[in-house]
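The structure appears below as structure tokens.
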Amino acid sequence: MAMPYDAAIVLGAAVNRDGSPGEALRRRVATGAALVGGGRARWLVLSGGAVRHPRAEAEVMRGLALAQGLAPECLILESAARNTLENARHCRAIVRARNWRRVVVVTDSHHLPRALYAFRRLGVAAEGAAPASRASGRWLLACAREAVAFLLYVPRVERARRALWD
């Protein structure tokens with residue numbers, strides 16, 4: 001049976017002050033690990049640098065993935081990205097170097113449209129997967145924030161896209 005995805009790419013999220021993973025990071029890694037563990041993807045790319053904590057998000061995610069039983073050899077760490085556009089840019093290089101054709105980007109549902117826009121505009125044939133989430137005031141606020149962020153994000157992504165082909 002062929003795997004539908006060459007890789008699942010998990011986007012980073014906040015690391016707590018003590019270096020432990022935040023809830024979003026836990027949800028995202030669990031979703032990516034389920035894709036690999038369930039035979040839906042061969043590789044798990046963990047993408048996230050040191051943003052608000054000195055330890056890279058990818059390193060924290062690696063610990064979660066290993067604790068969920070994934071083999072270290074199926075994990076690829078991308079620990080330079082500090083935001084979604086950098087996730088897309090750095091992961092694009094990994095996807096191209098490995099000649100992958102299909103990847104699934106894992107992030108929270110409110111963040112997925114913006115993330116997929118960035119990946120696809122930078123030439124990565126990506127689908128999306130999001131952890132199950134429940135509607136709440138916080139979730140609705142995150143959706144509203146993402147709607148505004150998306151509008152502001154388009155010019156940044158387009159500049160990055162042009163830079164790749166100039």
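Numbering starts at 1 and runs along the sequence shown.
Closest non-hydrogen pair, S109 versus A130, comes out as N-CB, 3.6 Å. Between V15 and S20, the closest heavy-atom pair is CG1-O, 3.5 Å.
To the nearest 0.5 Å, atom CZ of residue R82 and atom CZ of residue R52 are 13.0 Å apart. For the atom pair CG of L46 and OG of S79, the computed distance is 10.5 Å after rounding to the nearest 0.5 Å. Distance check: I9 CD1 to I94 CD1 gives 7.5 Å after rounding to the nearest 0.5 Å. For the atom pair W100 CH2 and R42 CZ, the distance stands at 9.5 Å (nearest 0.5 Å). Put simply, CZ on R96 and CZ on R92 are 3.5 Å apart, with the number rounded to the nearest 0.5 Å.
We find that D108 and R28 are joined by a salt bridge, their nearest charged nitrogen and carboxylate oxygen being less than 4.0 Å apart.
In this structure, R40 is not positioned above the aromatic face of Y5 in the sense of NZ or CZ being under 6.0 Å from the six-membered ring centre and within 45° of the axis.
Remark: R98 pairs with no residue by the side chain to side chain donor-acceptor pair (under 3.5 Å) rule, at least two apart or across chains.
Contacts classified as salt bridge (charged side-chain N to carboxylate O under 4.0 Å, His left out) and involving residues 69-78 (residues at least two apart or in different chains) are not found.
Although no hydrogens or angles enter the test, the distance criterion places a donor-acceptor pair under 3.5 Å between the side chain of D6 and the main chain of R102. Without hydrogens or angle criteria, N16 side chain to D18 main chain gives no donor-acceptor distance under 3.5 Å.
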N/O donor-acceptor pairs under 3.5 Å from side chains in residues 29-38, not counting sequence neighbours:
unit_1, atom_1, unit_2, atom_2, d
T31, OG1, R27, O, 3.0

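T84 and H111 share a donor-acceptor pair across their side chains, judged by distance under 3.5 Å alone.
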